[in-house]
Amino acid sequence: MYDHKTIEKKWQKYWEENKTYKTETDSNKEKFYTLVEFPYPSGAGVHVGHVKGQTAVDIFARYKRMNGYNVLNAMGWDAFGLPAENFAIKNKKHPNHFTQENIKNFRRQIKSFGPSFDWDREIDTTDPKYYKWTQWIFLKLFEMGLAYEKEAPINWCPSCKTGLANEEVIDGKCERCDSVVEQKNMKQWFLKITNYADKLINDLKDLNWPEYIKTSQKNWIGRSEGAEIKFDIENSDKKINVFTTRIDTIFGCTYVVLAPENILVEGLKNKVKNWEEVNGYIKKIKNKSDLERTDLNKEKSGIKLDGIKAINLFNQEKVDIFIADYVLSSYGTGAVMAVPAHDERDFEFAQKYNIEIKTAILPENKKESETCYTEDGVLIDSGEFTGLQSLEAREKMVEKGERGGFAKKKINYKLRDWLFSRQRYWGEPIPIIKCLVCGNVPISENELPLLLPEVENYEPSGTGESPLSKIDSWVNVKCPKCGGEAKRETNTMPQWAGSSWYFLRYIDPHNDKELASQDNLKYFMPVDVYFGGAEHTTVHLLYSRFWNKALYEKGIVPVSEPYKRRVQHGLILAEDGKKMSKRWGNVINPDDVIAEYGADVMRVYIMFMGPYGDTSAWSTSAINGIGRFINKIWSLSEKEITEEEADRETLNLLHKTIKKIGEDIENISFHTAISQMMIFLNHLLTKKDINRNVFSIFIKLLVPFTPHLSEELYQKINPERVGSVCNLDWPIYDSNLIKDEKAKIAIQVNGKLRDEIEVDFDSDQKVVEELARERSNVKKHLEGKELVKIIFIKNKLINIVVR
RNA sequence: GCCGAUGUGGUGAAACUGGUAAACACGCACGACUCAAACUCGUGUGCCGAAAGGUUUGUGGGUUCGAGUCCCACCAUCGGCACCA
C-alpha cells in the first residue's frame with residue numbers, strides 16, 4: 001500500500017528546503033509564464049474550486065518545466081476586502097490581524113497538495129511594499145487624465161455602505177451581499193475605462209481565449225454605431241439631443257422621450273403647462289429602485305409635456321415631448337426619438353397613450369407592413385430619401401444632418417467609467433490631497449506608500465465618508481502645491497485595484513525602485529496561460545486588461561495584452577448536486593480529503609471528474625476509484641524490475657501514451673490524459689515483471705499529476721539518482737514505435753457491420769477484399785446480389801455495396 | 001427577447017479532418033478470499049431477445065456507400081446580458 005501520509009510530507013519538505021521551484025530570469029532559456037487567479041484569503045479556508053484551478057496550473061507548469069522552459073508560477077493573496085473589515089468591526093481588532101491569520105492557513109493548505117509555486121515570489125496586496133505600487137499606478141492614471149472625480153448618480157449598496165462599480169451590480173443587487181442597490185448622487189473617483197472601449201474590443205481577436213469570454217466582454221462593452229440628432233424646441237433656443245441607430249426611420253418619428261432624470265426637463269419648467277403633474281411623476285419614478293424600474297414585465301409609464309413641441313429638422317414636423325420611465329438617463333443622451341412603427345418599445349408606449357403610428361420603412365418587395373416592423377427595408381414617405389435602402393439611407397441622412405448641423409455620426413457604449421472609490425476602511429488609500437485652491441493634488445511619488453492609518457472604529461459612516469475621515473491628524477495636511485490648508489482624500493480603492501496588476505509584480509516581487517524592472521518585464525510578459533473562474537469575465541479580466549493597456553501606453557509594460565491564453569474551469573458542486581455552502585452543510589474541505597486519501601489522489605480525482613470547463617458534482621465513490629488507481633501504480637514497484645527490453649506491444653502503447661498525455665495537457669483535456677494513464681497501467685498490470693526504462697518513463701508522465709508519488713517511485717526504481725523528478729526531461733515519443741503492426745478492419749455490407757478481421761498494417765484493398773469475401777457472415781449477405789462498388793479505407797474498414 | 005454553450009448507457013464521460021458508438025472510470029450483478037462484513041481480486045454489464053439476430057447518440061427531415069460528427073427545422077437544459085434606443 002502507498003503510504004501517502006509520510007511520503008507526501010517527506011517530499012513537500014524536500015521541495016521547500018531545496019527551493020525546487022525557484023525561478024530566475026534566465027535569458028538563455030525560453031520562458032513560460034503560467035498564472036492562476038490568486039485567492040481572497042477568507043476565513044473559510046481553501047475550497048475545492050481553488051484546488052481545481054491551482055492543480056491545473058500546476059500540471060501545466062510542471063509539464064512546461066520538464067519540456068525545458070523556464071517557468072514562472074507563483075502565488076499570492078488578494079487580501080483587501082470586506083469580510084476582513086466586517087470581522088474587524090465585530091471584534092474591534094485590526095482587519096490585518098484576521099487577514100494574516102487567514103493567509104497563514106491558506107498557505108498551509110495550498111502547500112499541502114503540492115503545487116509547484118515559487119514561494120519566494122509570494123505577494124500580498126495589503127502589504128505596504130505591494131500597495132505602494134498600486135498607489136503609484138493610480139498616480140500614473142491620474143497623470144494621464146484617466147482618474148478623475150465627478151459628481152454623478154452612482155450605485156450605492158445600503159448594507160455595505162459603499163458605492164459599487166457597474167460590474168459589481170448583478171440584476172440590480174450587490175454582488176457581495178445581495179442587497180438591492182440604490183442610486184445616490186455623490187462626488188466620486190472614476191477611471192476612464194471608456195477611453196479604451198474600442199481597444200478592449202479590437203485586441204480580443206488575437207487572443208487565445210474561449211469564444212464565449214470574448215463575446216461576453218464585447219457585449220458588456222456594448223459598442224453601437226448610430227447617430228446623434230438634434231431636435232429644436234418650439235419657441236425656445238434649447239434643443240433635444242437623441243441617440244439612434246436607426247436614423248433611417250426618422251420620418252416615422254411621432255414623438256420624443258426624455259428620461260425623468262434628464263437635466264433638460266428642469267430647464268423647460270416654465271413652458272410646461274402641466275408642470276405640477278409632470279413633477280409629481282418624476283418624483284414617483286425617482287423613488288423607485290433600479291430593480292423595479294428595469295423590470296421588463298412592468299408596463300411602461302410616462303407623461304406628456306403640455307404646451308411644448310419638438311421639431312424634427314428633417315421634415316420640420318412638430319411632435320409631442322414625453323417623459324417616460326423606459327428611457328434611461330445613463331445611456332446615450334438620456335433622450336430618444338420614438339418611432340412606434342419600427343421599435344417595439346415605442347410601439348407599446350404609443351398604443352397605451354394613443355400616439356400616431358407612422359410607417360417609414362417597408363420590407364423589401366412588400367406593399368404593406370406588419371404592425372411593428374423592426375428590420376431594415378425600403379424607405380417610404382421619407383421625402384428625398386424615399387425609395388432608398390435602410391443602409392444607404394442611414395449614410396445619406398447623416399450626411400445631410402452634418403451639413404445642416406443637426407445630426408452627426410456617433411458611437412455609443414454600454415460600458416461606463418469604472419467607479420473607483422469606496423467608503424470603507426480596508427483598502428488602499430487614494431494618494432490625493434484636496435486643496436480648496438488647487439483642487440486635487442497628487443502626493444509626490446517619494447511619499448509612497450501612503451500608509452493606511454490605524455483607526456479606532458472601522459464602522460463605515462454610511463454618509464458616504466470613509467472611516468478614515470474621522471482621523472483629523474491624518475486628514476489635515478498642507479497642500480503640496482500651494483502650502484495652504486488641505487485635506488486628504490479619505491476614500492479607499494476597491495478590491496479590484498490590487499488584482500489589476502499582480503501578474504506584473506510576480507515578475508519582480510522585491511523591487512523597491514520600480515513596479516518591476518523593464519528587463520524582467522520584457523523577459524516574462526505576457527502571461528502565457530491564465531487559469532481562473534468564469535465569474536471574472538466582465539470584471540477582473542476587463543479591469544486588468546485596461547490597466548495593462550494604460551501602462552503599456554505609458555511605456556511601463558512591454559505588451560498591450562497581458563494574457564495570451566485564458567482557461568476557465570467549471571464549478572465543483574457538492575455530492576447532492578447543490579452548490580457547496582455552509583448553509584447546506586455540504587462543503588468538502590480539502591484538508592479532510594488529503595487526510596483520508598492523500599494529495600495526489602485529490603489532484604487526480606478533481607482532474608478526472610470531467611472536462612475541465614464543465615461543472616460536475618463531487619462523488620465519494622469515484623474518488624475511491626482514484627485511490628485504487630494510485631495504489632495500483634504503487635504496486636508496480638513491487639513487481640520484479642528487469643533490464644530486459646520490453647516487448648513491442650508495450651513499447652507501442654507506451655509511446656502512444658507519451659503522445660496522448662502531452663497533447664492532452666496542451667489542450668487542457670486532463671481527464672483523457674488520466675484515462676490514457678489507466679490504459680497503460682492496466683497493460684503493465686498484466687505483466688509478470690516490468691522493464692526499468694519503461695517504468696521510469698511512465699513515472700515521468702505522472703509527474704505533473706502525482707508529483708509526490710512520482711518522486712518516491714522514481715527514487716525507489718532508480719536508487720542511484722538524486723534530485724527531484726521535476727528536473728527530468730519530458731519523454732519524447734518515437735513515431736516508429738507508434739505505428740501499429742496489425743490493423744483491425746471492419747467489414748461492412750451496405751454500410752452495416754457484418755464482421756471484423758485482423759490484417760497486417762497497411763494491407764491493400766485486394767488482400768482485405770479477398771479475406772473479407774471468405775467470411776461466412778459476409779458471404780451470406782452478398783449471396784445473389786449484384787456488386788455496386790467497394791469503399792476501402794486503409795487500416796479502418798471495407799464497405800461492400802451491393803444491390 | 002438577444003447572445004453563448006450543451007443534449008451519447010444507471011452515473012461521470014470518450015470518439016482525431018464523416019469510417020467498427022459507448023474507450024477509461026464509477027455503480028451494479030455474480031464469483032473467489034473471509035466465521036462474517038469491508039478491502040482486494042476475477043468475470044459480466046447500452047437496450048430488446050433464451051438464442052439467431054435486431055436496435056441505439058434530444059426530436060423530425062436531408063446529404064452520403066457510410067452521420068454522434070455536415071445541412072435544415074424543432075424541442076429541452078444550463079450560463080451570460082437585458083427597456084442600450
Side-chain angles (χ1 to χ4, degrees), chain A residues 1 170-172 210-220 222-224 226-227 242-247 249 256-257 259 293-298 300 324-328 330-339 342-346 348-349 374 412-415 534-535 537-538 570-571 605 608-611 613-629 631-632 635 660 663 669 671-682 685 744-756 777 788-802:
Chain A
M1 280 286 272
I170 313 284
D171 287 335
E211 217 42 53
Y212 75 92
I213 305 181
K214 294 189 185 181
T215 318
S216 283
Q217 289 207 348
K218 274 182 219 156
N219 289 345
W220 185 261
R223 183 181 203 271
S224 101
V242 303
F243 173 72
T244 179
T245 54
R246 293 298 305 275
I247 192 174
T249 64
V256 296
V257 194
R293 277 188 65 175
T294 54
D295 181 4
L296 277 173
N297 297 321
K298 163 199 75 119
K300 298 184 187 350
D325 59 352
Y326 78 97
V327 173
L328 308 171
S330 57
Y331 184 76
T333 59
V336 303
M337 64 176 218
V339 185
H342 306 295
D343 181 283
E344 272 164 28
R345 294 152 303 182
D346 298 340
E348 191 192 321
F349 190 82
T374 58
N412 248 315
Y413 302 90
K414 273 161 60 176
L415 184 70
E535 68 276 19
T537 300
T538 52
L571 238 62
Y605 169 62
F608 190 60
M609 287 177 89
D614 284 14
T615 295
S616 32
W618 192 266
S619 156
T620 304
S621 55
I623 196 172
N624 280 325
I626 301 299
R628 281 198 279 275
F629 169 62
N631 274 321
K632 283 181 194 168
S635 76
K660 172 118 180 95
E663 288 170 355
S669 181
H671 64 311
T672 53
I674 293 165
S675 64
Q676 186 63 34
M677 292 171 194
M678 289 171 171
I679 291 169
F680 188 62
L681 169 69
N682 290 343
L685 286 171
K744 267 189 189 170
I745 308 272
I747 308 172
Q748 297 181 339
V749 178
N750 286 349
K752 286 212 175 204
L753 183 68
R754 293 302 175 192
D755 209 339
E756 190 178 85
N777 199 36
V788 178
K789 64 173 158 180
I790 291 179
I791 310 283
F792 178 70
I793 310 285
K794 222 179 217 181
N795 303 320
K796 288 267 182 199
L797 98 176
I798 182 162
N799 184 11
I800 305 172
V801 185
V802 292

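Throughout, protein chains are lettered first and strands after them, A, B, ... in sequence-line order, and every chain is numbered starting at 1.
For A:Lys414, whose side chain is taken as the heavy atoms from C-beta onward, the closest listed nucleotide among B:A85, B:C81, B:U20 is B:C81. Checking B:C24, B:A13, B:A85 against the side-chain heavy atoms of A:Met678 singles out B:C24 as nearest. Of the candidates B:U20, B:C81, B:U55, the closest approach to any side-chain atom of A:Ile170 belongs to B:C81. Nearest to the side-chain atoms of A:Ser216 among the listed nucleotides B:A85, B:G80, B:A14 stands B:G80. Closest approach to the A:Phe608 side chain among B:A13, B:G19, B:A25 is made by B:A25 (side chain taken as heavy atoms from C-beta onward). Minimum atom distance to the side chain of A:Arg628 is reached by B:C41, of the listed B:A14, B:C41, B:A85. When distances run from any side-chain atom of A:Phe243 to the nucleotides B:A85, B:C3, B:G19, the shortest one goes to B:A85. The side chain of A:Thr215 has B:G4 as its nearest neighbour among B:A14, B:C65, B:G4. For A:Ile679, counting side-chain heavy atoms from C-beta on, the closest listed nucleotide (B:C24, B:U20, B:C3) is B:C24. The A:Ala622 side chain lies nearest to B:C26 when the options are B:C26, B:G19, B:C24.
Within 4.0 Å of A:Arg754, counting heavy atoms only, lie sugar-phosphate atoms of the nucleic acid but no base atom. Within the 4.0 angstrom heavy-atom criterion, base atoms lie near A:Gln748. Among the atoms of the strands shown, none is found under 4.0 Å from any heavy atom of A:Phe629. Within the nucleic acid shown, A:Val336 comes within 4.0 Å of at least one base atom, counting heavy atoms only. Note on A:Lys214: nothing from the nucleic acid sits closer than 4.0 angstrom, heavy atoms only. A:Val339 comes within 4.0 angstrom of no nucleic acid atom, judged by non-hydrogen atoms across all strands. Using a 4.0 Å heavy-atom distance criterion, A:Gly222 is classed as making no nucleic acid contact.
Separating the P atom of B:A85 from that of B:C3 is a span of 14 Å, rounded to the nearest Å. Comparing the same atom, C1', in B:U11 and in B:U17 gives a spacing of 32 Å after rounding to whole Å. Nucleotides B:C39 and B:A76 place their P atoms 43 Å apart, quoted to the nearest Å. Taking atom C1' in both B:A51 and B:A15, one finds a spacing of 31 Å when rounded to whole Å. Nucleotides B:U20 and B:A25, compared at atom C1', are 22 Å apart to the nearest Å. Look at the P atom in both B:G68 and B:U55: the space between them is 14 Å, to the nearest Å. B:C72 and B:C65 have their C1' atoms separated by 23 Å, with the value rounded to a whole Å. Here the separation of B:C83 from B:C28, taken at their P atoms, is 50 Å to the nearest Å.
Under the Watson-Crick or G-U wobble criterion, with both distances below 3.5 Å, B:G44 is paired with B:C28. Using the Watson-Crick or G-U wobble rule with both distances under 3.5 Å, B:G49 pairs with nothing in any strand shown. In this structure, B:G4 forms a base pair with B:C78, meeting either the Watson-Crick or the G-U wobble geometry with both donor-acceptor distances under 3.5 Å. For B:G60, the paired nucleotide is B:C72, the pair qualifying as Watson-Crick or G-U wobble because both relevant distances are below 3.5 Å. Summarising the base pairing, B:C35 is matched to no nucleotide, lacking a Watson-Crick or G-U wobble pair whose two defining distances lie under 3.5 Å.
Here the side chains of A:Met337 and A:Thr249 are in contact, with some heavy-atom distance below 4.5 Å. Using a 4.5 Å heavy-atom threshold, the side chains of A:Met678 and A:Ile626 count as touching.
Proximity of A:Asn682 to the phosphate of B:A25: a side-chain N or O atom is located under 4.0 Å from OP1 or OP2. A:Lys752 has a side-chain polar atom (N or O) that falls below the 4.0 Å cut-off from OP1 or OP2 of B:U55. For A:His671 and B:A14, the shortest distance from a side-chain N or O to OP1 or OP2 is below 4.0 Å.
With a 6.0 Å radius and a threshold of 12 heavy atoms from other residues, nucleotides or ligands, A:Lys218 has its NZ atom above the threshold. Within 6.0 Å of atom CD in A:Glu344, 12 or fewer heavy atoms from other residues, nucleotides or ligands are found, so the atom counts as exposed in its surroundings.
The separation between A:Lys218 atom NZ and B:C2 atom P is 19 Å, rounded to whole Å. Between the C1' atom of B:C81 and the CD1 atom of A:Ile213 lies a distance of 16 Å, rounded to the nearest Å.
For B:C83, the base has a donor-acceptor partner in the side chain of A:Lys300 [N/O atoms by modelled type, under 3.5 angstrom].
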Test side-chain contact (heavy atoms from CB on, under 4.5 Å) on A:Tyr605 and A:Trp618; report intermediate values, then the result. CA-CA 9 Å; A:Tyr605 169 62; A:Trp618 192 266; 3.7 Å; yes
| request: Would you sort out whether A:Val257 and A:Tyr326 count as a side-chain contact (heavy atoms from CB on, under 4.5 Å), showing the intermediate values? | output: CA-CA 9 Å; A:Val257 194; A:Tyr326 78 97; 3.7 Å; yes
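Toward the 5′ end of RNA chain B lies the nearest nucleotide of A:Tyr212, the other residue of the pair A:Tyr331 and A:Tyr212 mapping further downstream. Looking at which nucleotide of RNA chain B each of A:Ile623 and A:Thr244 is closest to, the 5′-most match is held by A:Ile623.
For B:G4, the base adopts the anti conformation, since its glycosidic angle falls more than 90 degrees from zero.
The aromatic rings of A:Tyr331 and A:Phe243 stand perpendicular to each other, their planes meeting at an angle above 60°, with 30° marking the opposite boundary.
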